[in-house]
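Here the structure comes first, spelled out in structure tokens, and everything after it is commentary.
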Amino acid sequence: DTAVSQTPKYLVTQMGNDKSIKCEQNLGHDTMYWYKQDSKKFLKIMFSYNNKELIINETVPNRFSPKSPDKAHLNLHINSLELGDSAVYFCASSQTSGGAEDTQYFGPGTRLTVL
Amino acid sequence: AQSVTQLGSHVSVSEGALVLLRCNYSSSVPPYLFWYVQYPNQGLQLLLKYTSAATLVKGINGFEAEFKKSETSFHLTKPSAHMSDAAEYFCAVTKFGNEKLTFGTGTRLTIIP
């Protein structure tokens, strides 16, 4: 009964391809996030959605496009993959976006390898 | 801008010894501070958080952290290390009204049998 789930867990692809990572949360939360963790374990936020509305968009290439069909889902689509996109991508969710103290619950991560 | 600095990318302690993982923050407004743990090949799990209530915060698995404004620190401690504590630990900061978490670079904790 996973709270925040991501698919796939591993993704290996060639440069130039387009790929998507899916995220679903069953916690009833309003806010969802995407984080990128690089090879040195550094975690950085990419996007945040509150009830399907984009509220955080960090300096991320236009090749990355989040899509939220409903508040329980936040998918990440990546166009024209590059070697530097190789990383672990984490989805997270929290109850609200205004309460900074709300706990963010993380998914298990998707390890993307671009060859 | 807010930031956190974790001193020591790798910390090794013997089983049963005190665990001390250091985190210093920088923030122009009162911060909210978090410690997360990441076990191998898993996502992040919240250990504890400080949100301007008690300065000594108790978390899961016997961990606690103390917010010290004068030292701008939020160090994580556990009196007696267990083998299962081996993991990567991340300190993070945010502020009221800002849902964006800014993470430190992490500290890998190794437990020596």
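Letters A, B, ... are given to chains in the order of the sequence lines, protein chains preceding strands, and every chain is numbered from 1.
B:W35 is not connected to B:F103 by any chain of hydrophobic side-chain contacts under 4.5 Å among Ile, Leu, Val, Met, Phe, Trp and Tyr, and they are in different clusters. Placement of B:L33 and B:V37 within a single hydrophobic cluster is found when ILVMFWY residues are connected by side-chain heavy-atom separations under 4.5 Å, directly or transitively.
Near-neighbour residues of residues 81-93 of chain B relative to chain A, defined by a heavy atom under 4.5 Å from a heavy atom of that chain, comprise B:E88, B:F90. Among residues 104-113 of chain B, the residues having any heavy atom closer than 4.5 Å to a heavy atom of chain A are, in sequence order, B:G104, B:T105, B:R108.
Neither the backbone nor the side chain of B:Y50 comes within contact range of chain A; no heavy atom of the residue lies under 4.5 Å from a heavy atom of that chain. Looking at B:Q38, the atoms closer than 4.5 Å to chain A (heavy atoms on both sides) all sit in the side chain, from C-beta outward. Using a 4.5 Å cut-off between heavy atoms, B:L46 contacts chain A through its side chain alone, with no backbone atom that close.
For the pair A:E58 and A:K44, the salt-bridge criterion is met [side-chain N within less than 4.0 Å of a carboxylate O].
In this structure, the separation between CG on A:L11 and CD1 on A:I21 is 6.5 Å, given to the nearest 0.5 Å. Here the straight-line distance linking atom OH of B:Y32 with atom NZ of B:K49 works out to 10.0 Å at 0.5 Å rounding. Taking NZ of A:K36 as the reference point, atom CZ of A:F42 lies at 11.5 Å (rounded to 0.5 Å).
Side-chain polar atoms of B:T5 and B:Y25 form no donor-acceptor pair below 3.5 angstrom. For the residue pair B:T55 / B:E66, no side-chain donor-acceptor distance below 3.5 Å is found, with atom types taken as modelled. Looking only at atom types and distance, the side chain of A:S20 has a donor-acceptor partner in the side chain of A:H77 under 3.5 Å away.
Considering A:R111, A:M46, A:Q37 in turn, A:M46 is the only one that fulfils the side-chain contact (heavy atoms from CB on, under 4.5 Å) rule with A:Y89.
The aromatic rings of A:F106 and A:F90 stand perpendicular to each other, their planes meeting at an angle above 60°, with 30° marking the opposite boundary.
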